[in-house]
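In what follows, a structure is listed as structure tokens, so that the remarks can point back to it.
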Amino acid sequence: MALSEQELIRRENLQKIIDLGINPYPSSEYSITHSSAEILDNYTEEKKDQFAEISIAGRLMMKRIMGKASFAELQDSAGRMQIYVNRDEICSGEDKALYNTVFKKLLDIGDFIGVKGHTFTTQTGHTTLHVTELTVLSKSLKPLPIVKTDADGKVHDAVTDPEFRYRQRYADLVVNPGVKETFVKRSKMYTSMRSFLNEKGYIEVETPILQPIYGGAAARPFKTHHNTHDRDLYLRIANELYLKRLVVGGFDGVYEFSKDFRNEGMSRFHNPEFTQIELYVAYKDYEWMMNLVEEMIEKVAVDVTGSTVVKVGDNDINFKRPWKRYTMYGAIEEFTGVDISEMDEAQMRDAAKEMKVSLDPTMARGKIIDEIFGEKCEPHLIQPTFITDYPIEMSPLAKKHRTKEGLVERFEAICNGKEISNAFSELNDPIDQRERFQAQLELGKRGDDEAMVLDEDFLRALEYGMPPTAGVGIGMDRLAMIMTNSNSIQDVLFFPQMKPEGHTEEKLEA
RNA sequence: GACCGGUUAGCUCAGUUGUUAGAGCAACGCCCUUUUAAGGCGUGGGUCCUGGGUUCGAGCCCCAGACCGGUCACCA
């Protein structure tokens with residue numbers, strides 16, 4: 001790629017810095033006493049002494065040069081603050097090159113510098129670092145987009161092109177205010193859940209991502225090959241079956257933040273790799289798990305946003321316990337006025353037709369129920385809501401309902417019209433489990449490429465005996481979308497999957 | 001996968017009825033010692049996504065393709 005005019009000038013500036021005997025990429029530690037935020041939040045005229053000899057480091061993001069003195073803005077990981085650079089103070093001797101040449105001409109927006117000095121308040125009332133010593137820490141060769149924020153806080157020329165933002169997240173993070181905050185919140189979600197679960201004594205574990213048999217969900221996998229054993233392996237679509245093996249082994253509470261991979265379509269709710277937390281607790285059931293999920297996510301909301309009420313688009317979503325609960329049939333009756341619980345497949349088809357829900361002729365009873373629910377109920381469930389008691393056909397890993405024929409002990413948590421969580425009383429009857437797998441195999445033979453595969457080793461584990469267990473999976477990306485008011489999964493993933501850029505492809509082939 | 005929209009300077013965007021490509025910021029030069037979307041004067045910078053076509057002439061019209069987004073379909 002040909003370099004732009006500005007890139008050429010930056011390379012020339014780099015060489016000129018070297019020619020002046022300054023290392024543009026020094027290796028020694030630069031000692032920082034404060035972050036920009038620590039200064040801005042704590043400085044007052046009375047505490048001047050505490051801020052008399054301090055240092056900060058970061059990117060130069062703006063220069064306002066006024067002859068022999070200048071203002072500039074330095075951005076560090078905590079924010080941005082103004083610095084004041086005076087020629088005769090950073091160049092106390094005769095040689096004024098550091099100011100006249102290096103600072104004024106050779107330093108560009110995006111360069112990392114470190115500055116030492118004292119804090120003061122300008123005539124216009126802005127806390128500013130008065131620089132007495134300036135060190136070049138790293139030269140930037142590529143111009144960053146310029147985004148400005150005015151006195152009213154209005155952002156001008158924000159980089160909005162999603163392609164730029166997702167492909168060059170590093171630049172998006174530097175220039176767009178608020179992007180970093182999204183990811184800090186995402187991180188806090190993890191911290192919040194970890195502390196919640198650790199306090200209860202559950203153990204965080206790691207299980208294989210490369211699996212000989214993919215299981216625990218219905219999805220198409222990514223396939224890869226292990227040369228040493230000369231066999232195909234799959235990237236996990238879920239870690240459910242491995243965590244249950246650990247429950248068999250005697251861990252009564254295990255969880256894992258699991259990066260899972262599904263070789264399927266992409267949308268603003270789907271990325272080929274995504275993250276779930278899965279948790280399994282022995283001697284519990286799905287009723288117990290509902291209470292735990294409520295409690296945990298309410299805490300997450302408070303830890304991440306400071307409130308149980310989270311603004312998402314036009315909605316205020318309230319995670320305060322208790323959440324609304326419907327059975328699946330109950331939800332359908334609530335939103336359509338039709339009780340389908342006693343209907344056979346043919347009656348259900350008619351009912352669906354009446355509701356203008358379009359069905360595939362191959363759909364069986366369970367699938368029809370799911371279709372009606374997905375069409376008529378799910379989009380209306382904005383506030384966090386539990387839906388319980390799913391048809392058995394769609395839940396091959398869940399225990400049969402203790403009283404209701406044809407259903408399983410399963411719940412999903414729905415929020416903002418989307419599933420965020422899925423849980424069961426886990427099926428621990430090895431004979432029933434084998435039959436369910438076999439039913440899935442039949443589906444597979446009929447061409448369902450998402451049907452589950454029979455996992456003999458998992459069945460062997462179940463045959464040793466697994467205690468009654470409640471299990472849950474929570475979609476971390478979708479929860480992050482809600483907690484950060486993001487409209488797309490790409491906004492809560494640092495590096496969402498993208499098709500390759502044309503010119504980088506050529507380089508790979510060369 | 002289908003439909004719709006987008007792609008012009010480093011960034012944000014104009015570009016009329018087809019005839020020499022525009023602005024702001026950024027960059028470069030000069031001035032300026034408390035400015036803050038700093039300011040003043042001046043200058044340079046373009047594969048108009050790619051490839052074909054129509055035309056005397058295409059950023060603009062036509063065809064094909066690439067990438068991005070949205071909606072739908074698919075999808076636990």
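Hydrogens, waters and symmetry mates play no part in the numbers below; they use all other heavy atoms, side chains included. The sequence lines fix the lettering, A, B, ..., with proteins before strands; numbering per chain opens at 1. Values in this document were obtained by computation on a predicted structure and should not be read as measured data.
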Can you tell me if A:Arg64 touches the phosphate of B:U35, counting only side-chain N or O atoms and a distance under 4.0 Å to OP1 or OP2? no
When rounded to the nearest Å, what value does the distance between C1' atoms of B:A9 and B:C48 take? 10 Å
If B:G18 has a Watson-Crick or G-U wobble mate with both distances under 3.5 Å, name it; if not, just say none. none
Would you say A:Lys63 reaches B:A27's phosphate, i.e. side-chain N/O to OP1/OP2 under 4.0 Å? no
When you get a sec, tell me which of B:C68, B:U33, B:U12 is the closest nucleotide to the side chain of A:Met66? B:U33
Answer with yes or no whether the side chains of A:Asp19 and A:Gln15 bring together a donor and an acceptor at under 3.5 Å. yes
Among the candidates B:U12, B:U36, B:U34, find the nucleotide nearest to the side-chain atoms of A:Thr124. B:U36
On RNA chain B, more 5' by nearest nucleotide between A:Thr160 and A:Arg87 is A:Thr160
Complementary nucleotide of B:G1, counting Watson-Crick and G-U pairs under 3.5 Å: B:C72
Closest nucleotide among B:G10, B:C68, B:A37 to the A:Ser4 side chain: B:G10
Roughly how many Å apart are B:U43 and B:G65, using the C1' atom of each and rounding to a whole number? 40 Å
Ignoring backbone atoms, test whether A:Arg268 places a side-chain nitrogen or oxygen under 4.0 Å from the OP1 or OP2 oxygen of B:U71. yes
A:Lys68 side chain, from C-beta outward: closest of B:C67, B:A76, B:U33: B:U33
Considering only B:C28, B:A26, B:A76, which nucleotide approaches the side chain of A:Asn13 most closely? B:C28
Donor-acceptor pair under 3.5 Å: do we get one between A:Thr122's side chain and the base of B:U35? yes
Nearest to the side chain of A:Thr128 - B:A76, B:C13, B:U35? B:U35
Non-hydrogen atoms of A:Val131 and A:Ile90 that approach each other most closely: O-CG2, 3.7 Å
Is there a side-chain polar atom (N or O) of A:Thr121 under 4.0 Å from OP1 or OP2 of B:U34? no
Closer than 4.0 Å, any side-chain N/O of A:Arg10 to the OP1 or OP2 of B:A27? no
Please figure out whether A:Ile146 or A:Val159 has its closest RNA chain B nucleotide nearer the 5' end. A:Val159
Looking only at the side chain of A:Glu5 (C-beta and beyond, no hydrogens), which of the listed nucleotides B:C68, B:U35, B:G44 gets closest? B:G44
Verify whether one side chain among A:Ser258 and A:Gln276 offers a donor that lies under 3.5 Å from an acceptor in the other. no
Identify which nucleotide among B:U12, B:C68, B:C75 has an atom closest to any side-chain atom of A:Lys499, counting heavy atoms from C-beta outward. B:C68
If you go through the side-chain atoms of A:Glu163, does one of them form a donor-acceptor pair with the base of B:U7 closer than 3.5 Å? no
Which atom pair, heavy atoms only, marks the closest approach of A:Gly366 to A:Met394? O-SD, 3.3 Å
Among B:U33, B:U12, B:A38, which nucleotide sits nearest the side chain of A:Met62? B:A38
When we call it a touch if two heavy atoms are under 4.0 Å apart, what does A:Arg262 touch: a base, just sugar-phosphate, or nothing? sugar-phosphate
Using only heavy-atom distances, determine whether the side chains of A:Asn422 and A:Arg410 contain a donor-acceptor pair under 3.5 Å. yes
Nearest to the A:Phe120 side chain among B:U34, B:U33, B:U36, which nucleotide is it? B:U34
Under 3.5 Å, is there a donor-acceptor pair between the A:Asp76 and A:Ser35 side chains? no
What interatomic distance, in whole Å, is found between P of B:U47 and the corresponding atom of B:G10? 7 Å
Side chain of A:Gln6, base of B:A26: donor and acceptor closer than 3.5 Å? yes
Base, sugar-phosphate, or nothing: which does A:Ala218 touch, judged by heavy atoms less than 4.0 Å apart? base
Counterpart base for B:C41, defined by Watson-Crick or G-U wobble contacts under 3.5 Å: B:G29
Could you check whether A:Phe269 gets within reach of a base, just the sugar-phosphate, or nothing at all, counting any heavy atom under 4.0 Å? nothing
What is the nucleic acid contact for A:Arg410, judged by heavy atoms within less than 4.0 Å: base, sugar-phosphate only, or nothing? base
May I ask which nucleotide in the shown strands pairs with B:C11, Watson-Crick or G-U wobble, both distances under 3.5 Å? B:G24
B:G69 OP1/OP2 closer than 4.0 Å to side-chain N/O of A:Gln490: yes
Please determine whether a side-chain nitrogen or oxygen atom of A:Lys148 lies at a distance below 4.0 Å from atom OP1 or OP2 of B:A26. yes
Say we look at B:C4 and B:C11: how far apart would their P atoms be, to the nearest angstrom? 29 Å
At under 4.0 Å between heavy atoms, what does A:Ile65 touch on the DNA or RNA strands: base, sugar-phosphate, or nothing? base
Opposite nucleotide pairing with B:U35, Watson-Crick or G-U, both atom distances under 3.5 Å: none
Please give the nucleotide sitting opposite B:U50 as a Watson-Crick or G-U wobble pair, both distances under 3.5 Å, or none. B:A64
